[in-house]
Amino acid sequence: MMHIHRYYDVDIVNGPGTRCTLFVAGCEHQCRGCYNQSTWRPDSGVPFTLAMEEQLIADLQDQRIPRQGLSLSGGDPLHPHNVPHIRRLVKRVRRDCPDKDIWLWTGYTLAELTAAQREVIAEIDVLIDGRFIEAEKDARLLWRGSRNQTIWYLRQPQSEDAEQHAADGHAAEGDPQRARRERVMQHQ
């Protein structure tokens with residue numbers, strides 16, 4: 001069973017628009033300077049139950065507070081223990097909430113992903129990859145903690161708002177090579 005530390009049914013920080021955000025337990029990277037060290041152990045936090053999953057889906061479908069999508073962070077959603085649970089969850093979100101985007105943060109790089117982790121990535125819209133490196137920390141970065149991390153747009157953005165945030169992020173970061181990689185992934 002997967003464990004979680006926090007669930008925000010309304011979040012405006014972890015990705016574009018208003019979102020649901022789930023912080024899972026378990027991280028092998030244990031980056032120096034990590035702000036979320038309490039999530040490192042896979043058995044920490046509380047079990048992610050079917051009732052919690054049902055609530056998350058209901059929140060994504062709630063028309064009173066429209067959400068743009070789901071953000072998955074942690075810990076690390078792609079920790080080997082979490083992969084089967086996250087894969088099942090993202091497939092369900094795709095099926096039951098097809099108009100919502102899915103963002104996922106991981107310490108693994110795209111090149112390091114296993115076949116099982118890639119099955120999860122095939123279901124999401126945006127991947128933010130790479131370990132947090134304290135020496136590369138930059139508070140000005142959009143949706144990332146350190147300059148080495150990359151935002152991969154794996155599908156077309158669901159809204160103009162997401163596209164504008166992405167464009168603003170590229171301009172603010174001032175890294176034309178990274179921006180080019182991100183745009184390339186966006187159009188694949």
Side-chain angles (χ1 to χ4, degrees), residues 2-27 34-36 38-39 45-46 48-79 82-83 85-108 110 117 120-130 132 139-146 149-170 172-173 182 185-186:
M2 181 172 71
H3 282 66
I4 67 165
H5 274 257
R6 284 184 296 276
Y7 169 61
Y8 296 115
D9 61 337
V10 176
D11 181 15
I12 59 168
V13 175
N14 294 289
T18 302
R19 315 184 64 74
C20 294
T21 299
L22 187 65
F23 288 88
V24 302
C27 185
C34 174
Y35 75 95
N36 225 356
S38 64
T39 66
V46 299
F48 183 64
T49 64
L50 182 56
M52 289 177 178
E53 181 178 320
E54 295 298 332
Q55 184 62 55
L56 185 150
I57 295 296
D59 291 339
L60 285 171
Q61 294 172 340
D62 184 357
Q63 294 304 308
R64 296 169 300 160
I65 305 173
R67 276 76 162 195
Q68 182 170 324
L70 172 65
S71 293
L72 298 165
S73 191
D76 196 325
L78 295 183
H79 182 284
N82 295 331
V83 167
H85 308 285
I86 293 293
R87 181 176 52 236
R88 191 180 62 70
L89 177 62
V90 296
K91 285 181 181 250
R92 178 155 186 220
V93 170
R94 279 275 168 246
R95 183 189 73 224
D96 294 354
C97 310
D99 61 328
K100 307 301 179 187
D101 62 17
I102 303 172
W103 286 49
L104 188 147
W105 280 256
T106 183
Y108 302 98
L110 193 58
Q117 290 169 325
V120 173
I121 299 310
E123 300 291 332
I124 69 169
D125 298 276
V126 177
L127 174 71
I128 296 89
D129 76 344
F132 173 74
R140 297 169 297 173
L141 295 172
L142 187 63
W143 303 316
R144 296 178 289 134
S146 56
Q149 296 170 319
T150 303
I151 300 172
W152 299 99
Y153 291 91
L154 305 173
R155 298 174 186 239
Q156 290 292 348
Q158 295 291 324
S159 73
E160 290 179 24
D161 185 43
E163 224 168 90
Q164 185 58 47
H165 279 294
D168 292 346
H170 298 313
E173 292 162 12
E182 292 166 3
M185 288 304 293
Q186 181 179 13

Q: Rounded to the nearest 0.5 Å, what's the gap from CG on D96 to NZ on K91? Could you check?
A: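 Those atoms lie 13.5 Å apart.
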Q: Quick one: closest heavy-atom pair of D76 and N82, and the distance?
A: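 Answer, listing the atom of D76 first, then N82: O-ND2, 2.9 Å.
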Q: With a 4.5 Å heavy-atom cut-off, do L110 and T150 have their side chains touching?
A: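 With C-beta onward as the side chain, the pair stays apart.
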Q: Decide yes or no for V126 and D101: does some side-chain heavy atom of the first lie under 4.5 Å from some side-chain heavy atom of the second?
A: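 No, side chains not in contact.
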Q: So which atom in V93 and which in I57 form the shortest heavy-atom distance, rounded to 0.1 Å?
A: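 Closest approach of V93 to I57: CG2-CD1, 3.8 Å.
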Q: Enter the distance from L104:CG to L78:CG here, rounded to the nearest 0.5 Å.
A: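 Taking CG in L104 and CG in L78, the distance rounds to 5.0 Å.
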Q: Could you report the tightest heavy-atom contact between C97 and Q61, atom names first, then the distance?
A: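 Taking every non-hydrogen atom into account, SG-CG, 3.8 Å.
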Q: Return the set of residues passing side chain to side chain donor-acceptor pair (under 3.5 Å) with D129 (not counting sequence neighbours), or none when no residue passes.
A: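 With neighbours one apart ignored, the set is W152.
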Q: So how far is it from I151 CD1 to W143 CH2, rounded to the nearest 0.5 Å?
A: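 Those atoms lie 6.5 Å apart.
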Q: Which pairs with one or both residues in residues 58-75 pass salt bridge (charged side-chain N to carboxylate O under 4.0 Å, His left out), sequence neighbours excluded?
A: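 Checked against salt bridge (charged side-chain N to carboxylate O under 4.0 Å, His left out) - neighbours excluded - the pairs reaching residues 58-75 are D62-R64, D62-R67.
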Q: Taking ring-ring contact (aromatic ring centres under 6.0 Å, His included) as the test, write out the residues that go with Y108, two or more places apart.
A: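 Listed in chain order: H29.
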Q: Less than 3.5 Å apart, any donor N or O on the side chain of T21 or D11 sitting next to an acceptor on the other?
A: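 Judged by distance alone, the side chains do pair up.
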Q: Closest approach of F132 and G145, non-hydrogen atoms and distance?
A: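 In this case the closest contact between F132 and G145 is CE1-O, 3.6 Å.
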Q: With a 4.0 Å cut-off on N to O distance, would you call K100 and D125 a salt bridge?
A: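 No salt bridge links K100 with D125.
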Q: Please identify each residue that fulfils ring-ring contact (aromatic ring centres under 6.0 Å, His included) with H5, with sequence neighbours left out.
A: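 Not a single residue meets the ring-ring contact (aromatic ring centres under 6.0 Å, His included) criterion with H5.
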Q: To the closest 0.5 Å, what do you measure between CZ (R94) and CG (D99)?
A: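 Here the interatomic distance stands at 10.0 Å.
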Q: Under 4.5 Å between any side-chain heavy atoms of W103 and P16, yes or no?
A: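 In short, these two side chains touch, coming nearer than 4.5 Å.
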Q: At what distance, to the nearest 0.5 angstrom, does NE2 of H85 lie from CD1 of I4?
A: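 One gets 13.0 Å once the value is rounded to the nearest 0.5 Å.
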Q: Calculate, to the nearest 0.5 Å, the distance between atoms CD and CG belonging to Q55 and L60 respectively.
A: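 With rounding to 0.5 Å, CD (Q55) is 10.0 Å from CG (L60).
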Q: Is there a side-chain contact (heavy atoms from CB on, under 4.5 Å) between N14 and W105 once you walk through the steps?
A: CA-CA 10 Å; N14 294 289; W105 280 256; 4.2 Å; yes
Q: I'd like to check M52 versus V46 (side-chain heavy atoms, cut-off strictly below 4.5 Å). Are they in contact?
A: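 The answer is yes; the side chains approach within 4.5 Å.
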Q: For the residue pair R19 and S71, what are the closest heavy atoms and their distance?
A: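 Scanning both residues completely, I find the closest heavy atoms to be NE-OG, 2.7 Å.
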Q: Under the rule for side chain to side chain donor-acceptor pair (under 3.5 Å), what residues qualify as partners of E123, not counting sequence neighbours?
A: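 Once residues adjacent in sequence are excluded, E123 has no partner under the side chain to side chain donor-acceptor pair (under 3.5 Å) criterion.
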Q: Among all residues two or more places apart in sequence or in another chain, which pass the side chain to side chain contact (heavy atoms under 4.5 Å, CB included) test with E53?
A: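 Side chain to side chain contact (heavy atoms under 4.5 Å, CB included) list for E53, sorted by chain: F48, L50, R88, L89, R92.
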Q: Between D9 and C20, which heavy-atom pair has the shortest distance, and what is it?
A: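 Scanning both residues, the minimum pair turns out to be O-SG, 3.5 Å.
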